[in-house]
Amino acid sequence: MAETMGLVQDVSATPSRVPPIVQVDDLHVRFVSKDATVYAVNGVSFTLDPGEVLCILGESGSGKSVTLRALMRLLPRKRAVINGRVIVDGHDILSLSTSALSRVRGEIVSMIFQEPMTALDPVYSIGEQITETVRRHEKIGRAAAEARALELLELVQIPSAKRRLKAFPHELSGGLRQRAMIAIALSCRPRVLLADEPTTALDATVQIQILLLLRQLQKELGMSVIFVTHDLGVAGEIADRITVMYGGRFVEEGPTTAVMRDPLHPYTRGLLASTVHGQMHRERLRTIEGSPPNMEMLPAACSFAPRCRYAVDRCLEGVPDLHRPFPNRSARCIRLEEIGSMT
Amino acid sequence: MSDCRKNIRREPVTTCPPAPTESQPLLSVKGLRKYFPVKGGLLKRQIAAIQAVDDVSFEVRRGEVLGIVGESGCGKSTTARLLMRLIEPDAGQVIFDGKEVGMRDGMTVTDLRRHAQMVFQDSYSSLNPRLPVEDTIAFGPVVHGTARSKAKERARYLLNEVGLDPSRFGRRYPHELSGGQRQRINIARALALQPQMVFLDEAVSALDKSVEAQVLNLLLDLREEFNLTYVFISHDLNVVQYISDRVLVMYLGKVVEVGPIGDVYKEPAHPYTHALLSSRPSMDPEDRKKESPLSGDPPTPINPPSGCRFRTRCAFAEDVCARAVPALTPIRADGSWLAACHMIIPGSGHSRAAAINEATTGGTNG
Ligand SMILES: Nc1ncnc2c1ncn2[C@@H]1O[C@H](COP(=O)(O)OP(=O)(O)OP(=O)(O)O)[C@@H](O)[C@H]1O
Ligand SMILES: Nc1ncnc2c1ncn2[C@@H]1O[C@H](COP(=O)(O)OP(=O)(O)OP(=O)(O)O)[C@@H](O)[C@H]1O
Ligand code: SF4
Ligand SMILES: [Mg+2]
Ligand SMILES: [Mg+2]
């Protein structure tokens, strides 16, 4: 469908030596109710290598959280229709039995959220919650599980960890709660950690603490991480690779430095241009006119076309293929080369 | 943490901040205090107090944008709510346009709320879900005695000013608008009474970057057009740098530094300001942060540390920091830049502070 325009359409990508720990093929998620269908994720494919940190960047409603949740099948069973293939560490997530799935959750892949209070149980102490999680997955005695809980709180650098085991979630500050949630997520030594805006609700001083902690843990434990954020600076601190989501699709993907310095897709360009960076003072900001796509209609063209300053009629003819103008980089736009020479 | 003392200039200083030059400030706040009672025990008596805002003083000049930053819970919103008299201060003086608020010969709270308006973060909860947005905008002026038709007309004018076509959007309800559109309605509503001053409390924090950019452009345009003065509260340090003329930094209920935005961001004088500003992500993946500038959590505002409230986390803390509360002290002789740290108070007893005569005779080595 898309023309080659001299761009290399390298489908084979670069061969990696180790098999990916996460492989997602043509993932679709839609929410069906009496009045409407919401097309939240529309054909997402990617792989994640062991020990790699991938950031999903994108505006509100673009499908970041739904994509992440689909990797653990954490979506309402009645309303969410999931299609495609999700393989995590060899497990075919979408066809696992419920019991197998609950083992995979925690042991293979676990998740942390923006608001720790929603993930922590207010009536149990932090120590009890970790001990419980550990014992649900491993046949070890209470004392051993408690020792592990203490170890975990020390791992996430909670000061006076021993005393904090007895603390209830509401007795901790936002930063400490976030650390406690990370401890619980790590309690069964997962191979993949999914993080949904875990620092968005924190202030700058605590945010950088948590980012550094996650980076350190990821290295020490050799975990792979998928990190959802809408903050470019956060992505810059933690990601190996960035993927940009728009209208339920990945519209751009590449190494962090390359995407931040030299974005390809017009949406990514717009996003970068409209972000207030340090050192700026009152210069007119460039904005992206128009509003995000209506997710109740499955777009049959480039979803960004109505807001794109480079759009031409051809952009409306079909969903653009993924173009790969450089090794390791891709974008869903049929005009990459022309735009590149324009700017 | 790098040595922030090298940033501190020693210029001749007077002992108290001199009165600002020529024009009178639009807002002047002196000794503002709010302690929230903590109740407990069988009789639900007050057993402690949260020192949310403690002895806060500052000025806002006509036409300027004053940014307020600081950790969550340091008292930013409480300060704004006290100034709007949404809550009563325990102590302090608020002078708006030369008139003391709440005094018999000063300004009534009703008048204050016409001249000063507030926009909050949550664009949804601050709009009436059962009113079309143009009626929401007209509501304030009608309450203050404007004829309904006149108020409607102004509402439609303002909708246009905030970039929403009145004939398309005026009759819509809040749930029929996007987050950015709702925040524009909130701004239009705040402007309906033709205020002189607007408090913006995390007004762009919940918006997507591209929408945030639209609203920031809008705020700067409106400021010029209506000669507005803003107090801009945000945890986004880049956005504060972008919009503000001056910045005020709070820590645990106290002002620790206030000064011109360019100077404070370039050479923060207070160790907390320094730590806060260095916590910003680097934006350069090749040059990532290696250690966090500040460790630990802020202490509880129920029992703040004696002396300097920052001393429990400060790399430069000495005995004097526990003994005495550092006063806001000029860093620059004209009083345009102040910080509350014993290191910059001549003769304070801190080993890094200048000796008294050295400072008052003109800082030979500054
Ligand atoms: N349980 C659900 N039922 C119906 N629609 C849903 C559900 N969860 C998400 N959606 C819709 O799916 C779309 C994608 O949502 P998603 O939560 O993934 O966005 P997001 O990119 O994470 O946004 P944000 O930055 O605001 O968190 C949105 O239109 C949302 O309204
Ligand atoms: N109505 C209230 N009753 C009791 N305590 C309060 C009340 N309002 C605020 N506080 C407390 O006062 C302190 C200052 O709160 P404030 O909301 O002013 O902080 P903030 O700087 O605006 O924080 P954030 O960045 O999280 O908005 C906090 O400890 C808070 O818990
Ligand atoms: S007064 Fe002392 S404790 Fe407070 S900031 Fe200055 S050096 Fe640190
Ligand atoms: Mg989300
Ligand atoms: Mg607040």
Side-chain angles (χ1 to χ4, degrees), chain A residues 58-62 157 159 172-176 201-213 215 230-240 242 255-261 267 270-292 307, chain B residues 65 69-74 178-181 204-218 220-221 235-245 261-262 265-266 272 275-298 300 313:
Chain A
E59 66 193 349
S60 183
S62 58
Q157 296 157 18
L172 301 177
S173 71
L176 286 183
L202 306 172
D203 9 65
T205 50
V206 187
Q207 166 168 293
I208 195 73
Q209 288 174 18
I210 299 288
L211 287 177
L212 289 171
L213 172 70
R215 219 161 68 192
H230 59 257
D231 187 331
L232 209 61
V234 167
E237 282 290 346
I238 195 153
D240 297 317
I242 290 181
T256 304
T257 310
V259 174
M260 284 177 74
R261 288 203 186 143
Y267 171 66
L271 188 66
L272 256 82
S274 61
T275 301
V276 179
H277 302 286
Q279 315 309 323
M280 287 169 68
H281 190 69
R282 296 204 183 146
E283 46 271 64
R284 193 101 194 139
L285 296 169
R286 228 175 78 190
T287 61
I288 305 176
E289 297 305 318
S291 37
R307 304 172 77 184
Chain B
V65 181
V69 298
E71 244 159 349
S72 179
C74 70
S178 73
Q181 289 167 340
V204 299
S205 307
L207 305 175
D208 278 319
K209 291 297 161 194
S210 62
V211 183
E212 176 185 271
Q214 290 172 14
V215 175
L216 288 173
N217 282 342
L218 172 69
L220 287 174
D221 290 345
H235 65 258
D236 188 326
L237 298 161
N238 290 340
V239 170
V240 167
Q241 179 176 31
Y242 173 80
I243 200 165
S244 308
D245 295 293
I261 192 82
Y265 270 57
K266 195 156 160 243
Y272 173 66
L276 181 68
L277 292 170
S278 353
S279 299
R280 282 176 297 173
S282 80
M283 286 310 281
D284 178 4
E286 316 271 280
D287 181 28
R288 292 185 168 163
K289 286 258 133 48
K290 295 191 182 58
E291 52 184 318
S292 40
L294 197 56
S295 56
D297 282 311
T300 150
R313 303 165 83 192

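Labels below follow one simple rule: chain letters A, B, ... track the order of the sequence lines, proteins then strands, and each chain is numbered from 1. Bear in mind that the values here come from a model prediction, so they are computed numbers and not experimental data.
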Run the side chain to side chain contact (heavy atoms under 4.5 Å, CB included) test on B/Met283 and A/His277 for me, step by step, so that the C-alpha distance in whole Å, both residues' side-chain angles and the decisive distance to 0.1 Å come before the verdict. CA-CA 8 Å; B/Met283 286 310 281; A/His277 302 286; 3.1 Å; yes
**Report entry** From CA spacing to verdict: side chain to side chain donor-acceptor pair (under 3.5 Å), B/Glu212, A/Ser274
**Finding:** CA-CA 8 Å; B/Glu212 176 185 271; A/Ser274 61; over 6 Å; no
| query | Which is it for B/Glu286 and A/Arg261 under the side chain to side chain contact (heavy atoms under 4.5 Å, CB included) test, yes or no, and what are the steps along the way? | reply | CA-CA 11 Å; B/Glu286 316 271 280; A/Arg261 288 203 186 143; 3.2 Å; yes
(message) Determine whether B/Asn217 and A/Arg282 satisfy the following criterion, side chain to side chain contact (heavy atoms under 4.5 Å, CB included), listing intermediate values before the conclusion.
(response) CA-CA 8 Å; B/Asn217 282 342; A/Arg282 296 204 183 146; over 6 Å; no
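Proximity to chain A is absent for every atom of B/Leu277, based on heavy atoms less than 4.5 angstrom apart. Using a 4.5 Å cut-off between heavy atoms, B/Ser205 makes no contact with chain A at all. Contacts of A/Arg286 with chain B are made by backbone atoms alone, with heavy-atom separations under 4.5 Å and no side-chain atom involved. Residue contact with chain A, scored on non-hydrogen atoms closer than 4.5 Å, involves the side chain of B/Asp221 exclusively. In this structure, chain A has heavy atoms under 4.5 Å from both the backbone and the side chain of B/Leu276. Proximity to chain B (any heavy atom under 4.5 Å) is restricted, for A/Ile238, to the backbone atoms N, CA, C and O. In this structure, chain B has heavy atoms under 4.5 Å from both the backbone and the side chain of A/Ser60. For A/Ala235, the part lying under 4.5 angstrom from a heavy atom of chain B is the backbone only. Of the atoms belonging to B/Glu71, heavy atoms from both backbone and side chain fall under 4.5 Å from chain A. For A/Gln157, no part lies near chain B; criterion is any non-hydrogen pair under 4.5 Å.
From A/Met280, atom CE reaches atom CG of B/Leu216 across 9.5 Å, with rounding to the nearest 0.5 Å.
Annotation: side chain to side chain contact (heavy atoms under 4.5 Å, CB included) contacts of A/Thr256 (sequence neighbours excluded): A/Ala239, A/Ile242, A/Met260, B/Pro285, B/Arg288.
No side-chain donor-acceptor contact under 3.5 Å links B/Asp208 to the backbone of A/Glu59. With A/His281 contributing its side chain and B/Tyr242 its backbone, the two residues share a donor-acceptor pair below 3.5 Å. A side-chain donor-acceptor contact under 3.5 Å links B/Gln214 to the backbone of A/Ile288. Counting only distance, with no hydrogens or angles, the side chain of A/Glu237 and the backbone of B/Pro281 share no donor-acceptor pair below 3.5 Å.
Shown here for A/Gly278 and B/Arg280, the closest heavy-atom pair between the two residues is CA-NH1, 4.5 Å. The heavy-atom pair separating B/Glu291 from A/Leu212 by the smallest distance is C-CD1, 3.4 Å. When all heavy atoms are compared, the tightest approach of B/Ala213 to A/Leu285 is CA-CD1, 3.7 Å. Shortest non-hydrogen contact noted between A/Ala204 and B/Leu237 is CB-CD1, 3.9 Å.
For the pair B/Lys209 and A/Asp231, the salt-bridge criterion is not met [side-chain N within less than 4.0 Å of a carboxylate O].
Each of A/Arg215, A/Gln207, A/His230, A/Glu289 has some count of heavy-atom pairs under 4.5 Å with chain B, and the biggest count is that of A/Arg215. Chain A forms the most heavy-atom pairs under 4.5 Å with one residue out of B/Ser72, B/Gly262, B/Gly73, and that residue is B/Ser72. Across A/Leu211, A/Leu232, A/Thr257, the residue that shares the most heavy-atom pairs under 4.5 angstrom with chain B is A/Thr257.
Using a 4.5 Å cut-off on side-chain heavy atoms (C-beta onward), B/Ser279 and A/Ile208 make contact.
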